[in-house]
Amino acid sequence: MRVEDRERVIEEVVSRVVQEKIEAAFRTKSSLETIINDTIYHERRRLESGKLNKKEKQDLLYWKKINKRFLNASEEEQKKILKEIVTGFTQEIMGYFNPRVYRVVTKLVPWGVSLLLGLLHPALWWSTFPKLAKLSERIVIQGEVKLLQALDKIGTVILVPTHSTHMDSLAAGFALHQLGLPPYTYGAGLNLFTNNLISYFMQNLGAYKVDRKKTAGLYKDVLKEYATITLELGYDNLFFPGGTRIRTGAVETHLKLGLLGTGLSAYINNVKHQKQDPNIFVVPCTLSYPLVLEAATLIDDFLKETGKSRYIIEDDEFTQPRRILSYLHALTHLHSHIYVTIAPAMDLFGNCVDMQGVPYDKRGRPLDISRYVMVAGKVEHDVQRDSVYTRELSQEILQAFHKHNVAMCTHIVAFVVHQLLSKNNPEMDLYRLLRTGGKEENLPLRDICEAVERVLGQLQKLAAQGEIRLDAKLQGKGVEAIVDCALAHFAAYHTKPVMFRRGDRIYPNDHNLLYYYHNRLQNYGLEKCV
Amino acid sequence: MANYDCVGVVGGGSWGTTLAHILGQCGHNVLLGLRDPKVMEEVNRQHRNSKYTEGAALSEKITAVQDLALLAQRCEVIFMALPASSFREVAYRLGNYLQGDQIMVSGCKGLEVGTRARITSIIREETCIRKIGVLSGPDLFVEILQGSPSATVIASYYQEVLDKVRKLLFTPFFKVYANADVLGVELGGVVKNIISIAAGIVDGLGFGVNCKAFLLTRGLAEMGRIGAAMGANPTTFTGLSGIGDLILSCSSKLSRNYRVGYYLAQGKTLPQIFEEMKFVAEGINTAEVIHEYAKEHRLEVPLMEGVYQILHKERNIHEVVSELLNRPSKLEIDMTLFEYKNSQ
């Protein structure tokens with residue numbers, strides 16, 4: 001957030017949220033009491049349920065005071081309290097963009113990732129700097145980059161990447177810089193701000209704080225309004241619409257719609273205020289890695305409590321500098337690529353757009369999208385209608401994620417081995433298979449190679465139809481070389497190799513990770529090829 | 001800016017004409033889009049459509065037009081009463097003139113052969129319209145035109161569509177209920193046509209009411225199975241667009257699909273039936289689409305499969321019936337169907 005916009009944004013967020021709550025209370029014939037009470041309850045429950053740091057102790061004290069005031073508050077006093085709470089939330093969320101810091105940091109961008117490592121652990125940085133400097137060469141930016149660049153000039157862009165690792169923010173940020181685009185505003189989990197130095201840089205690079213432990217509805221409303229206003233002011237945004245890092249390793253199959261919906265709210269406000277460039281464009285982006293830094297923690301979390309994941313993981317590999325180092329080292333050493341694939345841009349209704357920002361329907365006819373948000377000839381918000389539009393947009397984004405996923409050797413080989421194990425052990429459910437590994441300790445290399453060949457053939461067909469992308473490294477490679485490539489990757493980073501080869505047999509060694517990498521090729525109908 | 005002053009109905013067949021009549025009865029100016037100039041002239045001059053609605057007197061508020069551009073410019077809400085086979089082409093042509101604030105309601109109970117596309121998907125593909133609704137229920141045009149009380153369902157994800165369509169069609173003799181399960185309502189109207197053909201066969205063979213009740217309940221189970229596999233809420237099939245439409249089309253000799261089954265059981269061939277009937281029986285094509293889908297997803301739908309075998313593989317009706325009756329019976333109610341989670 002630019003310095004000159006800060007006060008204005010705070011005022012606007014507070015004014016809109018408070019006004020909306022007062023109106024909602026009037027509409028539903030309830031009072032502000034319920035909203036304030038609910039917020040106090042959620043905040044106190046959050047703060048009273050664990051060991052507190054200094055800041056949290058202060059927060060608890062604050063909420064206790066608010067509670068005391070609230071008990072005897074008149075209607076006017078309730079409005080004051082609500083305004084105070086909303087202002088507090090807004091100030092906490094708000095980022096601070098400093099162009100000077102951005103310029104300094106981006107000069108170092110070729111080594112941006114290693115810089116981050118340095119922030120985490122300066123000693124490691126100095127010792128590894130020369131090797132890691134080459135890491136930027138490993139990031140491939142592909143897809144509709146020209147379209148993204150063109151749209152960035154004529155409107156506001158929301159970049160929506162897949163989310164499987166904390167490295168995503170870095171990879172996306174790196175890609176934006178490489179494409180000559182300004183830094184995008186994005187909501188980063190509070191856990192990423194724990195290191196003071198990183199926190200300083202992240203805030204100055206356009207990140208704002210999202211505290212996922214805050215569950216009060218009012219906090220979420222403030223967050224959404226903040227994002228809406230930044231979009232109205234023309235700040236390009238980056239949302240991870242999956243909400244959190246996907247635990248299974250698959251490409252997202254559903255998205256969270258709350259933050260995504262702010263784009264439409266901002267667009268409607270823009271049109272209502274007759275803004276000159278009201279258009280907001282959504283650009284899906286699939287990030288593909290041959291290895292995922294936090295794979296072990298994420299799949300473990302998924303399997304431990306399917307459907308009830310911890311949501312906020314604060315002790316994963318991203319907080320361990322040595323693990324990051326090992327990960328980055330593996331990628332550079334194996335000449336692997338991280339793919340940042342920019343999908344075709346769309347409007348907020350999921351229609352494709354051209355270089356001039358003109359949206360088209362599926363038959364190529366230009367559209368006046370303001371008509372989608374008209375009620376009796378006037379542009380209006382309609383919560384129910386807009387939620388359906390956002391859900392439809394999410395379906396288009398998911399399709400784009402799916403089509404621009406890059407299949408790599410690790411995914412293909414893991415897919416084949418896990419599928420073979422499943423087929424050889426039909427009596428076992430997934431959990432038993434992962435726990436025991438099935439009846440056989442190993443699989444013949446020949447069987448794996450044959451299945452890899454079939455899967456690869458099908459993937460090539462799908463790629464020709466635009467249903468998936470293939471890692472350039474797979475081209476011209478024999479099946480055995482692909483298996484070797486996967487084995488080298490699996491041995492290079494994870495604490496124990498995901499699988500290894502002994503003679504002409506392959507030994508699956510970490511079934512959870514095997515399943516994790518296998519999942520990346522789910523939903524392509526490849527099962528029948530194994 | 002838009003100046004909508006009419007309600008549109010595209011399709012001058014029996015259902016389209018009936019819908020236009022109801023809308024006219026409700027006091028709306030109606031533009032009825034159709035192709036046949038003779039029908040157009042008859043509707044505009046004599047307020048009748050003798051080809052499709054047996055000469056019943058129609059509302060004078062209906063104006064028949066051939067110009068789709070005019071219809072698109074003047075109608076905020078457009079009802080589409082076309083057979084599945086021509087739906088895409090007409091939707092595309094109409095799509096050249098439509099805007100995003102308009103509403104399109106499908107009254108078609110079929111699937112597209114070849115693509116297996118549902119009508120709502122075709123509307124999405126061929127037009128810019130998002131506010132889509134599906135109108136489906138036990139509605140025989142003859143009875144509606146006579147003023148007998150009937151009911152139907154409008155399904156849409158958009159509350160605006162539900163509200164507007166209910167308001168437009170508000171009349172004491174035609175009650176419109178709302179449902180948010182678009183897929184379920186659309187599929188109910190589509191797949192029941194196959195069971196309706198089977199019902200015609202049952203009556204044509206003189207099997208009696210026990211057998212009819214048996215067919216209807218097992219048919220409903222198959223509808224639920226297909227619906228659940230496709231992502232619909234199985235309980236939607238217990239509503240007007242499911243069991244309601246099923247009861248109607250399996251018991252009325254006016255039902256086109258029923259008539260196809262009845263005549264087949266009487267020994268007529270499909271070409272002979274086509275020659276006699278001037279209507280489209282959507283169940284014939286739907287049987288093929290569902291056969292492919294069920295095969296692909298390994299769904300057990302023996303009744304629908306039997307109808308497919310008779311219609312498209314020219315199997316002997318008695319042989320198919322005998323095979324069906326000799327199948328071992330299983331648990332009556334598949335409770336897993338009710339584990340549906342509303343993803344909307």
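Predicted, not measured: the structure shown is a model, and the values here were computed from it. Quick note on labels: first sequence line is chain A, next is B, and so on, each numbered from 1.
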Closest non-hydrogen atom pair between A:Asp361 and B:Thr127, with its separation
OD2-C, 4.2 Å

Tell me if the NZ atom of A:Lys272 is crowded by more than 12 foreign heavy atoms within 6.0 Å.
yes

Quick one, B:Cys128 and A:Phe349 - any side-chain contact, counting heavy atoms below 4.5 Å?
no

Heavy-atom closest pair, residues B:Lys131 and A:Met374
NZ-O, 3.9 Å

Does any backbone or side-chain atom of B:Glu126 lie under 4.5 Å from a heavy atom of chain A? Answer side chain, backbone, both or neither.
both

Kindly indicate, with the supporting measurements, whether the criterion side chain to side chain contact (heavy atoms under 4.5 Å, CB included) is fulfilled by A:Arg385 and B:Gln159.
CA-CA 7 Å; A:Arg385 175 202 67 196; B:Gln159 190 61 40; over 6 Å; no

Any donor-acceptor pair under 3.5 Å from A:Gln384 side chain to B:Tyr157 backbone
yes

Does A:Lys461, at its NZ atom, have more than 12 non-hydrogen atoms belonging to other residues, nucleotides or ligands within less than 6.0 Å?
no

So how far is it from B:Leu98 CG to A:Leu367 CG, rounded to the nearest 0.5 Å?
11.0 Å

Do B:Tyr97 and A:Arg365 touch side chain to side chain, with heavy atoms closer than 4.5 Å?
no

Looking at B:Tyr177, I'd like to know if its OH atom is crowded, meaning that more than 12 non-hydrogen atoms belonging to other residues, nucleotides or ligands lie closer than 6.0 Å.
no

For A:His381, does the NE2 atom have more than 12 heavy-atom neighbours from other residues, nucleotides or ligands under 6.0 Å away?
yes

Could you tell me whether B:Arg166 atom CZ has more than 12 heavy atoms of other residues or ligands within 6.0 Å of it?
yes

A:Lys423, NZ: over 12 other non-hydrogen atoms inside 6.0 angstrom:
yes

Is atom CD of A:Gln274 surrounded by more than 12 heavy atoms (other residues, nucleotides or ligands) closer than 6.0 Å?
no

Mark yes or no: B:Arg130 above the aromatic ring of A:Tyr389, with NZ or CZ under 6.0 Å from the six-membered ring centre and no more than 45 degrees from the axis.
no

